[in-house]
Structures are given as structure tokens and as C-alpha cells.
Amino acid sequence: MVVGVLALQGGFDAHARVLRSLGADVREVRTPADLDGLDGLVWPGGESTTMTLGIEREGLAEPLRNLVAAGTPVFGTCAGLIMLDREHLGVLDVTARRNAFGRQTRSFEADLHLPGLDGDPVRAVFIRAPWIEDAGPEVTILAEVDGHPVAAQQGNLLAVAFHPELSDDPRLHARFLELVREAAARRASA
């Protein structure tokens, strides 16, 4: 199982460490050729404007859309959520509001109960975090903070407004790897 981590900008290294600790082979993705043969892709947080410029520079937008259209699971975190939304890559049927909880000084942590994750709530780290302002009918909202959606799933797309790679809790990454295994099994049986 090879999982890519988009490595144009942002916290890709922390995601790679968590994925490797869970047994995944990790490939950093910087060009369209890096997408070949991936079983899943993590889109880290960072700065969405800088990411947009990097995607344009490397010609990654259409190959990323093709990856999603082929059913490859993608996990977007913080700016990764923004980049998947209607106004950016346009593959996740949500509109995200950037810096919705405030700038850097308004960063916070919260305990969230997420369906499918047994045990204690997830300690979620929010840094200049977005929230989901609007979601289409195919989107399942998984968690909210103060009435604002901060985690969602649409098919093989999992997106959260926080940074699971900055906590000591690998359960969200493990849940994503389950999506990757399920998608691989479906491809193998087709």
C-alpha cells in the first residue's frame, strides 16, 4: 500500500511519520508523475494560496482531479480541506471558509467525538482553521465545533479542519488507511 503525501508546502513530514508508523509506504508528491500507482493521498495543512500556486506551477490540478475520479481515497487536513472544496480543486462538495475561527492567535484545541473511532474523543488541534460553511447532500458531517462543521466525508474523501498529525492520536490516519484498503479491495475484485 503506497500512500502519497502532497509535499508542495505545509506539514507533510508530520503526516508521513504518522502514516509510516501505521505501516504505510509513503511517497512525497510534488509532480504529476509522483501520483502514479498511489493507493491514497494525504493533503496536509499549510497555506492554501501558496499551495494553489504550487499546483499551478507543477500542473497538478487535473491529475489530482483524475486521481479522485478514479476512486482513490484522499484525506485533506486544514488547508487540505480548503483545497478540496468547490472553489479550489472542486472534488469535495463543500464550501470552506478560510481562517473561520480566527488568525494564528485564535488557535485552540478541542475534544471531538467522531463516528467510527472508538474510545476517547480525538484531541483536535485547530490552527488558523477553516470550517465548512455549506455542504452538498452527498457529504456526511462527522463533527462540529460551536455548530460549525469541522470534519466531513464524501465517499473516499475524508476532510478535517484541524491537524491530526500534531496530536499523539493516530486513529484518524488509521481510519483513512482503512478507506485505502477498502478501495484497493474493491479495485481488486472488479
Side-chain angles (χ1 to χ4, degrees), residues 1-94 96 116 125 127 130 139 142 151-167 169-190:
M1 178 167 54
V2 180
V3 177
V5 179
L6 196 65
L8 295 175
Q9 191 263 341
F12 56 88
D13 194 48
H15 281 287
R17 277 195 304 272
V18 177
L19 292 165
R20 286 187 182 110
S21 76
L22 295 170
D25 291 329
V26 177
R27 180 190 307 157
E28 293 183 0
V29 172
R30 293 185 175 86
T31 68
D34 296 330
L35 296 170
D36 291 344
L38 288 183
D39 297 302
L41 176 72
V42 173
W43 200 313
E47 209 292 308
S48 59
T49 301
T50 304
M51 285 185 186
T52 298
L53 293 172
I55 287 167
E56 288 175 7
R57 182 187 66 239
E58 300 300 333
L60 272 163
E62 204 54 38
L64 286 166
R65 287 188 187 99
N66 292 339
L67 186 83
V68 172
T72 305
V74 176
F75 183 20
T77 66
C78 196
L81 181 159
I82 294 169
M83 296 303 298
L84 296 172
D85 85 348
R86 296 169 179 144
E87 295 176 12
H88 294 83
L89 204 62
V91 294
L92 180 62
D93 191 14
V94 304
V125 179
I127 302 170
V139 176
L142 304 176
Q153 184 169 353
Q154 178 184 334
N156 284 335
L157 301 176
L158 181 63
V160 298
F162 51 91
H163 290 270
E165 79 281 9
L166 297 180
S167 73
D169 186 341
R171 288 180 294 166
L172 265 173
H173 287 85
R175 173 68 189 113
F176 173 66
L177 292 178
E178 286 176 26
L179 287 177
V180 173
R181 286 187 199 95
E182 291 166 6
R186 281 194 300 276
R187 279 195 305 272
S189 65

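Note that the structure is predicted; figures quoted are calculated from it, not measured. Quick note: numbers below take in every heavy atom, side chains included, and nothing from hydrogens, waters or symmetry partners.
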> Does the side-chain contact (heavy atoms from CB on, under 4.5 Å) test come out yes or no for Glu58 and Thr31, once each step is laid out?
CA-CA 6 Å; Glu58 300 300 333; Thr31 68; 3.9 Å; yes

> Go through it in stages, so that I can follow the logic: the residues are Leu64 and Val68, the test is side-chain contact (heavy atoms from CB on, under 4.5 Å), and I'd like the CA-CA distance, side-chain angles, deciding distance and then a yes or no.
CA-CA 6 Å; Leu64 286 166; Val68 172; 5.9 Å; no

> Could you check Phe162 against Leu172 for side-chain contact (heavy atoms from CB on, under 4.5 Å), going step by step and ending with a plain yes or no?
CA-CA 11 Å; Phe162 51 91; Leu172 265 173; 3.6 Å; yes

> List the atom of Leu92, the atom of Ala159, and the distance in Å for their closest heavy-atom pair.
CD2-CB, 3.7 Å

> Consider side-chain contact (heavy atoms from CB on, under 4.5 Å). Of Val26, Asp25, Leu177, which one does Met1 pass it with?
Leu177

> Which heavy atom of Ala174 sits nearest a heavy atom of Leu22, and at what distance?
N-CD1, 3.6 Å

> Return the set of residues passing salt bridge (Lys or Arg N to Asp or Glu O under 4.0 Å) with Arg20 (not counting sequence neighbours), or none when no residue passes.
none

> What closest approach, in Å, do Gly59 and Pro32 show between heavy atoms, and which atom pair accounts for it?
O-CG, 3.5 Å

> Return the minimal non-hydrogen interatomic distance between Phe176 and Leu41, and the atom names on each side.
CZ-O, 3.5 Å

> Rounded to the nearest 0.5 Å, what's the gap from CG on Leu6 to CE on Met51? Could you check?
6.5 Å

> List for me each residue that meets salt bridge (Lys or Arg N to Asp or Glu O under 4.0 Å) alongside Arg186, sequence neighbours excluded, and say none if there are none.
none

> For the atom pair CZ (Arg171) and CG (Asp169), what is the distance rounded to the nearest 0.5 Å?
4.0 Å

> Output side-chain donor-acceptor pairs under 3.5 Å for residues 7-15, partner residues at least two apart or in another chain, one line each.
from: Gln9; atom 1: OE1; to: Glu47; atom 2: N; distance (Å): 2.8
from: Asp13; atom 1: OD2; to: Arg17; atom 2: NH1; distance (Å): 2.7
from: His15; atom 1: ND1; to: His173; atom 2: NE2; distance (Å): 2.8
from: His15; atom 1: NE2; to: Thr77; atom 2: OG1; distance (Å): 3.2
from: His15; atom 1: NE2; to: Glu165; atom 2: OE1; distance (Å): 3.2

> Can Leu35 and Leu60 be said to form a side-chain contact (heavy atoms from CB on, under 4.5 Å), step by step?
CA-CA 9 Å; Leu35 296 170; Leu60 272 163; 3.9 Å; yes

> Taking only residues two or more places apart in sequence, or in another chain, which ones meet Ala184 in a side chain to side chain contact (heavy atoms under 4.5 Å, CB included)?
Arg187

> Rounded to the nearest 0.5 Å, what separation is found between the CG atom of Leu158 and the CD atom of Glu178?
11.0 Å

> Using atom types as modelled and distance alone, determine if a side-chain donor or acceptor of Gln154 lies under 3.5 Å from a backbone N or O of Asn156.
no

> Report the residues that fulfil salt bridge (Lys or Arg N to Asp or Glu O under 4.0 Å) with Glu62, sequence neighbours left out, ordered by chain and then residue number.
Arg65

> Write down the atom of Asp93, the atom of Val139, and the distance for their closest heavy-atom approach.
O-CG2, 3.5 Å

> Check side chain to side chain contact (heavy atoms under 4.5 Å, CB included) between Arg27 and all other residues, then give those that pass, not counting sequence neighbours.
Val2, Asp34, Leu38

> If you compare all heavy atoms of Ala161 against all heavy atoms of Pro130, which two are closest, and at what distance to 0.1 Å?
CB-O, 3.0 Å

> So, taking the atom named CG in Leu179 and the one named CZ in Phe75, what distance separates them when rounded to the nearest 0.5 Å?
9.5 Å

> Does any N or O in the side chain of His88 come within less than 3.5 Å of the main-chain N or O of Ile82, such that one atom is a donor and the other an acceptor?
yes

